[in-house]
Amino acid sequence: MIELKTPGQIASMRAAGRVVGQALREVRRNARAGTTPLELDRIAEAVIDDAGAAPAFRGYQPPGAPTPFPGVICASVNDAVVHGIPDGTELADGDLVSIDCGAFLDGWCGDAAISFTVGSADPADARLIDSTEAALRRGIEAAVTGAKLGDVAHTIGAPARAEGYGLLADHGGHGIGRAMHEPPHVPNEGRPDRGFRLRAGLVLAIEPMLLSGGRDHYRTDPDGWTLRTADGGRAAHCEHTVAVTEDGPVVLTEP
């Protein structure tokens with residue numbers, strides 16, 4: 001069942017989203033060659049704790065997951081697309097890092113992700129990140145009352161395909177609110193004027209995941225969580241929690 005949020009509830013979600021945005025900002029600010037994803041995880045945890053919030057990812061175990069997720073953030077490096085478990089591997093100059101973070105505050109959830117390069121960026125990686133951020137912006141701009149989910153999906157996926165990028169198979173965005181994952185599913189590719197019609201009060205986590213090699217396929221690490229591109233190419237992931245309102249889309253996960 002799709003739940004529409006009241007303006008007051010959206011304001012509460014904005015407070016949760018602000019915590020997530022601040023955590024991601026601090027993670028990015030502290031990411032450099034020699035830093036480990038586990039250290040970045042602790043930085044995000046401190047921001048969330050200081051705000052009186054709770055991590056949304058740690059302990060999460062959806063159907064099919066072999067174990068509860070152990071981290072506060074997902075830290076996916078280079079060919080890892082999403083769900084990377086933070087560990088003690090030092091980041092190197094030129095690594096492409098995607099960080100996903102979620103938090104609950106007063107019973108409401110925020111969820112967002114960023115991608116960036118540590119140190120010097122390879123031009124191809126910079127283009128990939130720029131294209132993923134642009135896909136997110138297009139998806140947000142399409143999240144208006146009266147539009148359909150297919151409009152959001154199409155505006156994300158069609159230009160990305162035209163640029164030669166793949167879209168992670170079987171994955172997309174989602175509704176969000178009192179739970180991290182709520183209906184509806186928000187695909188990153190689709191046909192215009194198809195699917196659920198957007199109404200004021202709908203809150204969505206919009207999250208394009210672009211694969212540099214042009215293929216959609218992935219493989220799963222032995223940890224049961226980390227998803228990597230099947231061809232070894234690099235990937236980027238960007239996400240915001242967005243409220244559909246009568247006045248247009250409102251991003252809830254900026255700092």
Cluster check I85, L168: I/L/V/M/F/W/Y, side chain < 4.5 angstrom: no
Option among D122, T229, N78 that satisfies the side chain to side chain donor-acceptor pair (under 3.5 Å) test with R234: N78
Within one Ile-Leu-Val-Met-Phe-Trp-Tyr cluster: L198 and I156, side-chain cutoff 4.5 Å: yes
Donor-acceptor contact below 3.5 Å, side chain D231 vs main chain G233: yes
Shortest non-hydrogen separation from Y165 to S131 and the atoms involved: CE1-OG, 3.4 Å
Contact check, side chains of P183 and H185, non-hydrogen atoms, under 4.5 Å: no
Main-chain N/O of E254 paired to R14 side chain as donor or acceptor, under 3.5 Å: yes
Ion pair R161/E189, N-O distance below 4.0 Å: yes
Plane angle bin for Y60 and W225 - parallel if under 30°, tilted between 30 and 60°, otherwise perpendicular: tilted
Connected via hydrophobic side-chain network under 4.5 Å: L4 and M180: no
I99 side, atom CD1; I73 side, atom CD1 - distance, nearest 0.5 Å: 4.0 Å
Straight-line distance of I43 CD1 to T35 OG1, nearest 0.5 Å: 7.0 Å
Lys/Arg-Asp/Glu bridge criterion (N-O < 4.0 Å) met for E163, R127: no
Where A16 and C109 come nearest, the two heavy atoms and their spacing: CB-C, 4.1 Å
Gap between atom CG of L149 and atom CG of L202 - 0.5 Å precision: 7.0 Å
Side-chain heavy atoms of R194 within contact of K148, under 4.5 Å: no
H240 and T253 side chains, donor-acceptor separation under 3.5 Å: yes
Residue pair H237 / V81: nearest heavy atoms and the distance that separates them: CB-O, 4.0 Å
Side chain to side chain contact (heavy atoms under 4.5 Å, CB included) assessment of V20 paired with V47: CA-CA 9 Å; V20 172; V47 173; over 6 Å; no
Min side-chain heavy-atom separation T241-W108 under 4.5 Å: no
Interatomic spacing from CG in D100 to CG in D111 - rounded to 0.5 Å: 5.0 Å
Test: K5 and E182 ion pair at under 4.0 Å: yes
Same cluster (ILVMFWY, side-chain, under 4.5 Å), V77 and I114: yes
Shortest non-hydrogen separation from V244 to A143 and the atoms involved: CG2-O, 3.8 Å
side-chain contact (heavy atoms from CB on, under 4.5 Å) partner of V203, chosen from V250, L252, V242: L252
Side-chain donor or acceptor of E39 paired with backbone N/O of T36 under 3.5 Å: yes
Check: D221 side chain, D223 main-chain N or O, donor-acceptor pair, under 3.5 Å: no
Criterion side chain to side chain contact (heavy atoms under 4.5 Å, CB included) on S12 and D106, from CA distance to verdict: CA-CA 8 Å; S12 294; D106 296 329; 5.9 Å; no
Side-chain donor/acceptor of H154 to backbone N/O of G190, under 3.5 Å: yes
I176 and M13: CA distance, side-chain angles, deciding distance, side chain to side chain contact (heavy atoms under 4.5 Å, CB included) verdict: CA-CA 9 Å; I176 184 171; M13 292 191 69; 4.0 Å; yes
Side chain proximity check, V82 to Y218, heavy atoms < 4.5 angstrom: no
Distance in Å, L96 CG paired with T117 OG1, rounded so as to fall on 0.5 Å steps: 4.5 Å
Stepwise side-chain hydrogen bond (donor to acceptor under 3.5 Å, both in side chains) check, S98 with S76: CA-CA 5 Å; S98 296; S76 306; 5.9 Å; no
Shortest non-hydrogen separation from P55 to R58 and the atoms involved: CG-NH2, 3.7 Å
Main-chain N/O of G224 paired to T220 side chain as donor or acceptor, under 3.5 Å: no
same_hphob_cluster(I206, V251) at 4.5 Å side-chain heavy-atom cutoff: yes
Side-chain heavy atoms of L211 within contact of L167, under 4.5 Å: no
Non-hydrogen side-chain atoms of H174 and L204 separated by less than 4.5 Å: no
SB check D79 R228 (cutoff 4.0 Å): yes
Donor-acceptor pair, side chain of D95 and main chain of A92, under 3.5 angstrom: yes
ring-ring contact (aromatic ring centres under 6.0 Å, His included) assessment of H83 paired with F69: CA-CA 9 Å; H83 305 162; F69 191 78; 7.6 Å; no
E26 with R29: basic N within carboxylate O range, under 4.0 Å: yes
E246 vs T145 side-chain heavy atoms within contact, under 4.5 Å: yes
Distance-only donor-acceptor check, side chains N188 and H171, under 3.5 Å: no
Donor-acceptor contact below 3.5 Å, side chain D216 vs main chain G166: no
From SG (C74) to CG (L227), nearest 0.5 Å: 9.5 Å
Pair R138 + D151, salt bridge at N-O below 4.0 Å: no
Test side chain to side chain contact (heavy atoms under 4.5 Å, CB included) applied to E239 and M209, step by step: CA-CA 9 Å; E239 177 183 17; M209 293 155 273; over 6 Å; no
Contact summary for A44 and V72, nearest pair of heavy atoms: CB-CG1, 4.1 Å
Check: P86 main-chain N/O paired with D41 side-chain donor or acceptor under 3.5 Å: no
Non-hydrogen side-chain atoms of R28 and L24 separated by less than 4.5 Å: no
Within 6.0 angstrom of R25 CZ, more than 12 heavy atoms from elsewhere: yes
